[in-house]
Amino acid sequence: QVQLVESGGGLVQAGGSLRLSCVASGLTFSRYGMGWFRQAPGKEREFVAALRWDGGSAYYAYYGDSVKGRFLISRDNAKNTVYLQMNSLKPEDTAVYYCAATILRTAVAGPNEYGYWGQGTQVTVSS
């Protein structure tokens, strides 16, 4: 059974930083692309960042326009963990952040391309 468990959310002031973690189990982690999405109240789920696996040994990072230059996605295959380092946080970054996994090598920003999801972690940025 595949499980994705996020952690690291919380309350932070604008301009601050947080690092989210997502630990995966029940899958061969290195063979999955990993993504982060977020959803604010009353809004659609939004792509944040992804690491796409090329089927070999490389992973390619992609970012949503609203977080480029501020967020950094990384992974540690030895720990079955993907991270999202969030810097220069803004109140508009407030949302529930979800980790997702995909076996599709072409998947990047589409939520429907991801087959497994975590339960989410709340990030609140105060002004």
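Computed over heavy atoms, backbone and side chain alike; hydrogens, waters and symmetry mates excluded.
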Locate the shortest heavy-atom distance separating S126 from L11; write the atom from each residue and the value.
CB-CD1, 4.3 Å

Look at the rings of Y114 and F37 and say which category their plane angle falls in: under 30° parallel, 30 to 60° tilted, over 60° perpendicular.
perpendicular

If two hydrophobic side chains count as joined below 4.5 Å and joins carry through other members, does V12 share a cluster with W36?
yes

Calculate, to the nearest 0.5 Å, the distance between atoms CZ and SG belonging to F29 and C22 respectively.
7.0 Å

When you measure from the side chain of R70 to the backbone N and O of S88, does any donor-acceptor pair fall under 3.5 Å?
yes

Main chain of A107, side chain of R52: is a donor-acceptor contact present, judged purely on distance under 3.5 Å?
no

Atom of P91, atom of A14 and distance for their closest heavy-atom approach
CD-CB, 4.1 Å

Other residues, nucleotides and ligands only: do more than 12 of their heavy atoms fall within 6.0 Å of OH on Y62?
yes

Audit row: K90, D93, salt bridge (Lys or Arg N to Asp or Glu O under 4.0 Å) steps and yes/no:
CA-CA 5 Å; K90 305 175 181 179; D93 293 319; over 6 Å; no

Do T94 side-chain atoms and V125 backbone N/O form a donor-acceptor pair below 3.5 Å?
yes

Hey, what's the ring geometry for Y98 with W117, parallel, tilted or perpendicular (30° and 60° as the breaks)?
perpendicular

Rounding to 0.5 Å, atoms CZ (F71) and OG (S17) come to a distance of 9.5 Å

Identified side chain to side chain contact (heavy atoms under 4.5 Å, CB included) counterpart of L18 within the set V123, L84, N87
V123

Which pair of heavy atoms, one from A58 and one from W53, lies closest together, and at what distance?
O-CD1, 3.5 Å

Heavy-atom closest pair, residues L4 and A101
CD1-N, 3.8 Å

Checking side-chain polar atoms at under 3.5 Å, does S66 have a donor or acceptor matched by the opposite partner on E92?
no

Quick one: pull up OH in Y116 and CD1 in I103 and give me the separation to the nearest 0.5 Å.
8.5 Å

Working for side chain to side chain contact (heavy atoms under 4.5 Å, CB included), residues V67 and R38
CA-CA 11 Å; V67 307; R38 66 187 183 187; 3.9 Å; yes

What's the spacing between D65 CG and F47 CZ if we round to 0.5 Å?
9.5 Å

Look up atom CE in M86 and atom CG in L72, then write down how far apart they are to the nearest 0.5 Å.
12.0 Å

Could you see if Y83 belongs to whatever hydrophobic cluster contains L89? Use Ile, Leu, Val, Met, Phe, Trp, Tyr and a side-chain cutoff under 4.5 Å.
no

Got V108 and Y60 here, is their nearest side-chain heavy-atom distance under 4.5 Å?
no

Set out, in order, the CA-CA distance, both residues' side-chain angles and the distance that settles side chain to side chain contact (heavy atoms under 4.5 Å, CB included) for L20 and E6, then state yes or no.
CA-CA 7 Å; L20 305 183; E6 302 99 333; over 6 Å; no

Rounded to the nearest 0.5 Å, what's the gap from CE on M34 to OH on Y59? Could you check?
10.5 Å

What do the steps show when you test S74 against D76 for side chain to side chain contact (heavy atoms under 4.5 Å, CB included), and what is the final call?
CA-CA 7 Å; S74 61; D76 185 340; over 6 Å; no

